[in-house]
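Notes follow once the structure below has been shown.
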Amino acid sequence: MSDLKGDLSEAVAAAFAAAGLPADLGRVTASDRPDLADFQCNGALPAAKRAGLNPRDVAAGVAGRLAGDARLTSVEVAGPGFINLKVSDAALAARAAEVAADPRAGAQGVSRPRRIIIDYGGPNVAKPMHVGHLRSSIIGESLKRIYRFRGDTVTGDAHFGDWGYQMGLLIGAVCDEDAAIAGLVETLNAGGDPDGALPAAFEQVSLADLDRLYPLAAAQGNQDTAYRDRARKLTADLQARRAGCYLLWRRFRAVTQVALQRDFHALGVDFDLWNGESDADALIEPMVADLAAKGLLEDDQGARIVRVARESDKKKLPPLLVVSSEGSAMYGTTDLATVLDRKQTLAPDHVIYCVDQRQADHFEVVFRAAYLAGYAVEGSLEHAGFGTMNGADGKPFKTREGGVLKLNDLIEMTRAKAAERLREAGLGAELDPAAFDDTAHKVAIAALKFADLQNFRGTSYVFDLDRFSSFEGKTGPYLLYQAVRVKSLLRKAAEAGDKAGAIAIGEPAERDLALTLDAFDQAVAEAYDKKAPNAVAEHAYRLAQAFSKFYAACPILAAPTPAAKASRLALATAALKQLELALGLLGIETPERM
RNA sequence: GCGCCCGUAGCUCAACCGGAUAGAGCAUCCGCCUUCUAAGCGGACGGUUGCAGGUUCGAGUCCUGCCGGGCGCGCCA
């Protein structure tokens with residue numbers, strides 16, 4: 001089943017071909033001028049250019065061949081050679097009925113499903129998530145759902161940062177602060193069991209400790225060479241699985257995981273794999289040997305590297321640093337090993353890295369090394385970068401106190417506001433406490449996610465607390481509100497025994513709603529192709545808006561005739577289904593009432 | 001210094017291979033609840049798309065230069 005736009009494109013393409021013109025120019029799009037037409041085709045302009053003809057004559061020739069199409073009420077040539085199409089109410093009604101009957105609400109799947117991995121470029125161990133982490137999880141989750149919806153087999157991998165220098169820094173910092181721990185680490189390093197039980201002293205280390213110590217240690221490492229060298233050595237010790245470092249690291253990982261799981265769960269973000277950089281560790285040694293065997297590895301300044309620069313590069317890319325002069329695996333090493341690991345375990349057709357745009361160069365280096373080594377097919381690794389979230393001053397977001405706003409605090413803040421708003425609306429008495437909390441949570445998450453996802457992934461944007469916790473206008477709660485109004489309507493209709501029936505289109509608001517329902521497939525396809533969930537967000541908003549206008553203009557339960565009531569109930573039902581599907585693709589859930 | 005990205009309404013953001021009159025929300029102002037949830041609907045106001053050239057029948061979109069901002073550039077991740 002294809003949408004009206006697709007059906008009309010076929011008809012217009014056929015008319016182009018019949019007129020001796022390239023059929024691919026017969027592409028139909030939604031009209032830029034809704035006052036003049038429902039759909040348009042601009043293909044006569046380039047066709048005329050190629051053939052050296054007058055574009056209006058070409059357009060008129062094509063229009064003449066479309067005159068008999070029963071779906072069209074008018075075909076007109078306008079401006080320099082646009083072909084304007086108006087579709088009949090009957091054709092719109094038929095399409096709306098298809099959407100109503102389709103579990104996918106009119107959206108098609110891909111013709112050739114692929115195996116996809118989405119790498120969320122996860123947060124680092126030892127650091128609580130702050131608002132900046134919203135983007136990768138929200139965008140990655142939405143992409144995962146969009147790809148899955150279109151028919152691909154998708155694996156989402158958190159890919160935590162848990163295996164680098166920052167771990168060595170933290171081990172050192174914790175030891176400096178607690179002599180007992182320092183002693184234990186030393187003793188265990190000398191000959192303990194890395195897979196043994198955690199010493200009680202290690203259990204005392206909390207996430208708050210790590211959060212407090214990390215920035216201090218990082219700063220110290222930047223200016224103190226001896227401090228840095230010790231951290232590097234501890235990193236190497238950790239990677240060599242010396243028991244003191246390794247067991248302490250396991251504690252770091254555990255306390256971080258608890259907080260991360262809480263935040264991800266609150267956001268409705270779920271990973272199929274909770275892997276981290278450390279999970280690729282076992283592959284590193286054989287991989288290094290393999291790279292050496294393939295002649296890709298060079299010694300340089302005490303480190304071992306793979307050169308990836310090309311003659312054609314505008315900018316000289318640095319090499320991939322595989323083994324540091326300390327013998328440690330680097331960021332790029334684990335990333336490359338992860339590519340290899342995935343090839344062996346999941347054999348993906350395509351991998352999408354949903355990571356901050358600033359890491360574009362890093363990924364280019366890793367991807368090239370992977371292609372050189374034969375760990376991935378050229379072009380199968382893709383960095384879908386996103387922009388940074390800034391404060392009003394254009395710099396990364398900070399609270400008034402100067403610290404970074406923690407994600408959990410943002411969620412709680414927004415949830416409290418949603419609860420207050422729900423109480424004002426009188427739902428405190430109507431819903432039991434559990435349902436009330438659940439609703440407040442859904443409203444808050446919708447507000448946060450939609451505020452982010454309505455922006456194109458690649459743009460950096462200004463984080464504005466008021467906007468993120470706003471419930472009016474182009475916001476998540478507005479979308480939920482429209483869905484909830486339909487649900488309420490359908491409950492009342494069910495009580496009265498009213499049923500949905502054949503769809504008829506008459507009122508302008510009904511036409512607009514039907515046309516908007518038809519545009520869902522295009523929005524999903526665009527989001528898929530461009531890795532841009534904002535296309536779905538935009539469609540969801542337009543649909544909600546079209547429904548709200550329809551709701552205001554066309555009485556449903558009090559429709560003038562039983563047939564009109566049945567038709568409008570069917571339209572409302574279809575709108576709800578598509579809206580909930582679209583919201584689902586954004587990772588937003590709809591409550592029953594609000 | 002080299003490279004990448006960005007500059008659109010007072011603010012925050014959109015804009016489908018280059019198409020018609022560049023769209024939303026917020027803010028401001030004016031209307032609409034005795035009828036299905038007013039977290040809503042209707043209307044008004046708001047633009048030389050940073051600047052200057054170029055390509056094109058047609059440029060926010062492509063090319064060149066300039067101005068302004070962000071980011072990256074081998075042992076952090």
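Chain letters run A, B, ... following the sequence lines, proteins first, then strands; residues in each count from 1. Heavy-atom basis, side chains included; hydrogens, waters and symmetry copies ignored.
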Of the listed nucleotides (B/U37, B/G19, B/A39), which one gets closest to any side-chain atom of A/Met594?
B/A39
Quick check against the 3.5 Å criterion: does A/Ser324 have a side-chain atom that pairs as donor or acceptor with the backbone of A/Glu326?
yes
Whole-Å gap separating C1' (B/C4) and CG (A/Asp361):
7 Å
Indicate syn or anti for B/C45, taking the glycosidic torsion and treating anything within 90° of 0 as syn.
anti
Sugar-phosphate only, base, or nothing, as touched by A/Tyr478 at under 4.0 Å among non-hydrogen atoms
sugar-phosphate
Writing each nucleotide of RNA chain B 5' to 3' as (, ), [, ], | or . by Watson-Crick or G-U pairing under 3.5 Å yields (((((((..((((.....[...)))).(((((.......))))).....(((((..]....))))))))))))....
Report yes if at least one side-chain N or O of A/Lys314 is closer than 4.0 Å to OP1 or OP2 of B/C4; otherwise report no.
yes
B/C26 to B/G65 separation - C1' atoms, rounded to the nearest Å:
37 Å
Starting at atom CZ of A/Arg485, determine the distance to atom C1' of B/A38, rounded to an integer number of angstrom.
8 Å
Counting any heavy atom closer than 4.0 Å, what does A/Leu422 reach on the DNA or RNA strands: base, sugar-phosphate only, or nothing?
base
Does a side-chain N-to-carboxylate-O contact under 4.0 Å join A/Glu76 and A/Lys86?
no
Can you give one letter per nucleotide of nucleotides 42-50 of chain B, going 5' to 3': B for a protein heavy atom under 4.0 Å from the base, S for sugar-phosphate only, - for none?
S--------
In whole Å, measure the gap between the P atoms of B/C45 and B/C71 for me.
40 Å
Salt bridge check: are A/Lys442 and A/Asp438 linked by an N-O gap of less than 4.0 Å?
yes
Given the rule in the ring pair (Phe, Tyr, Trp, His ring centres under 6.0 Å) test, do A/Tyr478 and A/Tyr541 qualify, once you have shown the distances and angles that lead to the verdict?
CA-CA 8 Å; A/Tyr478 170 87; A/Tyr541 178 65; 5.6 Å; yes
Assess whether a salt bridge exists between A/Asp498 and A/Lys565, defined as any Lys/Arg side-chain N lying under 4.0 Å from an Asp/Glu carboxylate O.
yes
Write down the distance between CZ (A/Arg358) and C1' (B/C76), rounded to a whole number of angstrom.
13 Å
Going by modelled atom types, is there a donor-acceptor pair between the base of B/G74 and the side chain of A/Asp300 at under 3.5 Å?
yes
Look at all strands and tell whether A/Cys41 reaches a base, only sugar-phosphate, or nothing, counting heavy atoms closer than 4.0 Å.
nothing
With no hydrogens and no angle check, do the side chains of A/Ser469 and A/Thr414 hold a donor and an acceptor under 3.5 Å apart?
no
C1' spacing across the pair B/G68 / B/U28, given as an integer number of angstrom
30 Å
For A/Gln357, which contact category applies under a 4.0 Å heavy-atom criterion: base, sugar-phosphate, or nothing?
nothing
Let's see if you can work this out: which of B/A39, B/C75, B/C36 has an atom nearest to the side-chain heavy atoms of A/Ile556?
B/C36
For a quick check of understanding: with a heavy-atom distance under 4.0 Å over all strands, which category does A/Ile305 fall into, base, sugar-phosphate or nothing?
base
Answer yes or no: is there an ion pair linking A/Glu538 with A/Arg542, defined by an N-O contact shorter than 4.0 Å?
yes
In terms of side-chain geometry, is the basic nitrogen of A/Asp452 or A/Arg135 positioned less than 4.0 Å from the acidic oxygen of its partner?
yes
Looking only at N and O atoms, is any donor in the side chain of A/Asn84 or the base of B/A20 less than 3.5 Å from an acceptor on the other one?
yes
Is_stacked (A/Phe82, B/A20) at 5.5 Å, 30 deg
yes
Select one nucleotide: of B/A39, B/G19, B/A77, the one nearest the side-chain heavy atoms of A/Leu45.
B/G19
How does protein reach along nucleotides 13-18 of chain B, written 5' to 3' as B (base within reach of a heavy atom under 4.0 Å), S (only sugar-phosphate), or - (no contact)?
SSSBB-
Pairwise C1' distance, B/U49 and B/A14 [rounded to whole Å]
13 Å
Interatomic distance at C1', B/A27 relative to B/U12, whole Å
11 Å
Using distance alone, with no hydrogens and no angle criterion, decide if A/Ser278 and A/Asp162 have a side-chain donor and acceptor under 3.5 Å apart.
yes
Using a 90° cut-off around 0 for syn, call B/C32 syn or anti.
anti
Walking RNA chain B from its 5' end, the first of A/Arg232 and A/Phe471 to be reached, judged by nearest nucleotide, is A/Phe471
Check whether the side chains of A/His159 and A/Asp335 place a donor and an acceptor atom closer than 3.5 Å, and report yes or no.
yes
Any chance you could lay out the side-chain contact (heavy atoms from CB on, under 4.5 Å) test for A/Leu45 and A/Phe82, step after step, and finish with the verdict?
CA-CA 8 Å; A/Leu45 294 155; A/Phe82 303 114; 3.9 Å; yes
5' priority, RNA chain B, between A/Ala78 and A/Gly332 [closest heavy atom]
A/Ala78
Compare side-chain N and O positions of A/Ser548 against OP1 and OP2 of B/C41 and report whether any pair is under 4.0 Å apart.
yes
Within the structure shown, what part of the strands sits under 4.0 Å from A/Tyr541 by heavy-atom distance: base, sugar-phosphate, or nothing?
sugar-phosphate
At 4.0 Å (heavy atoms only), tell me whether A/Gln301 reaches a base, stays on the sugar-phosphate, or touches nothing.
base
Rounded interatomic separation in angstrom, taking NZ from A/Lys315 and P from B/C4
9 Å
Among B/A38, B/A24, B/C75, which is the nearest nucleotide to the side chain of A/Ser325?
B/C75
May I ask you to decide whether A/Asp237 forms a salt bridge with A/Lys233, counting only side-chain N to carboxylate O separations under 4.0 Å?
yes
Check every atom of B/A39, B/A77, B/G40 against the side chain of A/Gln482 and return the nucleotide holding the closest atom.
B/G40
Assign A/Ala360 to base, sugar-phosphate, or nothing according to its heavy-atom contacts below 4.0 angstrom with the strands shown.
nothing
Do A/Arg485's NZ or CZ and the ring of A/Tyr551 fall within the cation-pi criteria of under 6.0 Å and 45°?
yes
Distance in angstrom units between A/Leu489 CG and B/U35 P, rounded:
16 Å
Take atom CG of A/Asp224 and atom P of B/C76, then tell me their distance rounded to the nearest Å.
14 Å
Specify the separation, in whole Å, of atom CG of A/Leu320 and atom C1' of B/G74.
10 Å
Would you please classify the geometry between the A/Trp249 ring and the A/Trp163 ring as parallel, tilted or perpendicular, with 30° and 60° separating the classes?
perpendicular
Ignoring backbone atoms, establish whether A/Tyr481 has a side-chain N or O less than 4.0 Å from OP1 or OP2 of B/A39.
yes
Rounded to whole angstrom, note down the P distance from B/C63 over to B/G23.
25 Å
For A/Tyr165, is there any backbone N or O sitting under 3.5 Å from a side-chain donor or acceptor partner on A/Arg232?
no
Touch check for A/Pro46, heavy atoms < 4.0 angstrom, all strands: base, sugar-phosphate only, or nothing?
base
note: A/Glu424, atom CD; B/G40, atom C1'; distance rounded to Å ~ 16 Å
Apply the side chain to side chain contact (heavy atoms under 4.5 Å, CB included) test between A/Arg304 and each candidate in A/Thr333, A/Leu321, A/Leu297; give the one that qualifies.
A/Leu297
Using the side-chain heavy atoms of A/Gln166, tell me which of these nucleotides is nearest: B/A24, B/A77, B/A20.
B/A77
